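One structure below.
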2 protein chains.
Amino acid sequence: MTPAIAPDIAVVPRSHTAKRLSIIDAAACVFCREGFAGANIDLIAAEAGVSRQTVYNHHGDKENLLVAVVREITERINAGVFDTLATFPDKPVDLEADLVAFAVRLNQNCICNRDGKFLRKLLHTEGERYPALFAGWREDGPAKTWAALAARFARLAHAGWLEIDDPDVAARQFLALVNADLQMAMIFGDTVSEEQLRTAATNAVRCFLRAYGKPRPAAI
Amino acid sequence: MTPAIAPDIAVVPRSHTAKRLSIIDAAACVFCREGFAGANIDLIAAEAGVSRQTVYNHHGDKENLLVAVVREITERINAGVFDTLATFPDKPVDLEADLVAFAVRLNQNCICNRDGKFLRKLLHTEGERYPALFAGWREDGPAKTWAALAARFARLAHAGWLEIDDPDVAARQFLALVNADLQMAMIFGDTVSEEQLRTAATNAVRCFLRAYGKPRPAAI
DNA sequence: ATATTTTTAGACAGACTTGTCCAAATCGTC
DNA sequence: GACGATTTGGACAAGTCTGTCTAAAAATAT
């Protein structure tokens with residue numbers, strides 16, 4: 001009879017790639033908590049449930065590990081943004097309600113989630129020192145996000161739902177408004193309740209529609 | 001005849017308090033560049049033009065130095081915000097132009113300047129780890145700023161310039177809009193041109209007034 | 001000019017990290 | 001079950017950093 005194993009310290013055997021992921025996740029967490037200089041490889045290894053040597057085997061170097069972390073996080077974020085953008089209400093029924101729901105999804109899947117927090121923190125702590133690290137993201141991330149969102153708004157305007165001069169500006173403003181009420185909570189890592197998320201999105205969309213909504217939706 | 005001294009390495013004798021300030025400024029700079037863990041006391045001393053021992057004489061401890069830095073910066077920022085808030089266009093002539101000018105001042109004096117950058121960086125790098133450090137600022141800073149700005153907007157609304165349901169929400173949205181176009185530049189420490197500042201402010205105010213401006217200014 | 005305080009430069013111990021090396025243990029595969 | 005690859009734990013050198021201590025130099029006040 002095999003001895004029982006305490007479930008929370010259970011040594012689950014994991015594959016090579018699973019360990020790679022686990023290391024990157026732990027590293028992201030520790031880098032964000034302690035900053036690059038303050039991050040301790042022993043701690044990362046422990047948090048990943050792996051020996052220190054394994055960390056070095058996989059990524060070779062602390063700086064290299066940071067590169068891997070940034071690559072992984074930005075890829076995940078880009079994917080999340082892409083997926084969420086695909087749920088934009090192109091053919092809205094109730095424009096306000098649909099945009100609110102979209103804004104909530106945006107916050108949940110791209111900004112308030114684990115990866116969003118990581119990227120934000122890494123950007124602020126290392127963005128200025130290692131601009132090259134984020135150069136790729138800067139081109140593939142915000143620029144394309146803004147353009148994509150601007151295109152959606154432009155289409156809504158063309159369909160008579162909105163009245164917009166500059167869709168690019170409107171897109172950036174939409175995103176800024178959506179985050180207006182959450183900034184403080186996110187800086188201090190407070191957990192944001194579903195309720196707060198909805199209120200923030202509602203406030204944002206109401207303001208956005210007051211500014212850019214047509215007085216009456218276009219008649220079909 | 002006293003020998004000439006190269007002006008940029010000139011050893012300017014400075015008072016006790018001047019050195020205290022110089023140390024805090026250098027520490028703020030280094031803490032922001034390198035993060036708390038990565039900051040090197042020797043480097044801070046060198047950047048302050050002071051021996052390392054003097055740093056220890058004044059502030060005793062690295063952590064203590066961080067506390068002093070945060071206190072100094074938050075005090076300066078609060079003062080700057082207060083001063084700028086006092087220039088709010090309470091009796092506007094051209095509401096759009098006046099609000100744009102106010103937004104530009106806000107960005108220049110509170111957000112894009114040296115102290116604004118320092119506070120932002122310190123908040124993001126150490127805010128989650130030392131929440132107590134910023135607890136005081138959190139109460140005296142954003143909360144009061146929002147309330148004060150909200151009161152101004154409420155007065156403008158009462159005077160017939162604006163149509164606002166919730167002045168607090170509107171105040172936060174105004175600030176969010178004002179920063180919408182500058183976020184990326186600030187993260188990467190890019191210098192923001194006067195031009196960019198004006199455009200950002202103009203975009204923000206136009207959107208804000210589309211949302212909350214009265215169709216026609218109140219007749220006198 | 002003298003006495004007191006502050007500042008400086010350098011040495012120093014103690015602690016901590018990174019990255020390497022290695023032999024034993026473990027895992028996955030045939 | 002046997003083989004090769006991966007992982008582990010621990011030891012290790014080299015370097016960095018903090019914070020203290022000292023005696024000499026400089027600045028300030030009297």
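Quick caveat: nothing in here was measured; it's all calculated off a predicted structure. Here is how names work: the chains are called A, B, and so on, in the same order as the sequence lines, proteins then strands, and each is numbered from 1.
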Salt bridge flag under 4.0 Å for residues [X] and [Y]:
| X | Y | result |
| --- | --- | --- |
| A/Arg138 | B/Asp190 | yes |
| A/Glu75 | A/Arg71 | no |
| B/Glu195 | B/Arg198 | no |
| B/Glu128 | A/Arg33 | no |

Passes side-chain contact (heavy atoms from CB on, under 4.5 Å), B/Phe31 versus B/Lys121? Steps please. CA-CA 9 Å; B/Phe31 280 148; B/Lys121 204 95 186 262; over 6 Å; no
Go through the steps to decide whether A/Asn113 and A/Gln108 satisfy the test side-chain contact (heavy atoms from CB on, under 4.5 Å), and finish with yes or no. CA-CA 6 Å; A/Asn113 66 346; A/Gln108 277 183 329; over 6 Å; no
Evaluate B/Tyr130 against B/Val70 for side-chain contact (heavy atoms from CB on, under 4.5 Å), listing each step before the verdict. CA-CA 11 Å; B/Tyr130 304 110; B/Val70 171; over 6 Å; no
Along nucleotides 16-23 of chain C, 5' to 3', which nucleotides get a B, which get an S, and which get a -, given that the test is a protein heavy-atom distance under 4.0 Å? -SBBBB--
Provide a list of protein-nucleic acid N or O atom pairs under 3.5 angstrom, restricted to nucleotides 5-7 of chain C.
residue: C/dT7; atom: OP1; partner: B/His16; partner atom: ND1; Å: 3.2
residue: C/dT7; atom: O3'; partner: B/Lys19; partner atom: NZ; Å: 3.3

Full working for ring-ring contact (aromatic ring centres under 6.0 Å, His included) between B/Phe153 and B/Phe88: CA-CA 10 Å; B/Phe153 280 135; B/Phe88 185 89; 5.4 Å; yes
In this structure, how many angstroms lie between the C1' atom of D/dT18 and the CZ atom of B/Phe31, rounded?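 Spelled out: CZ on B/Phe31 to C1' on D/dT18 is 12 Å.
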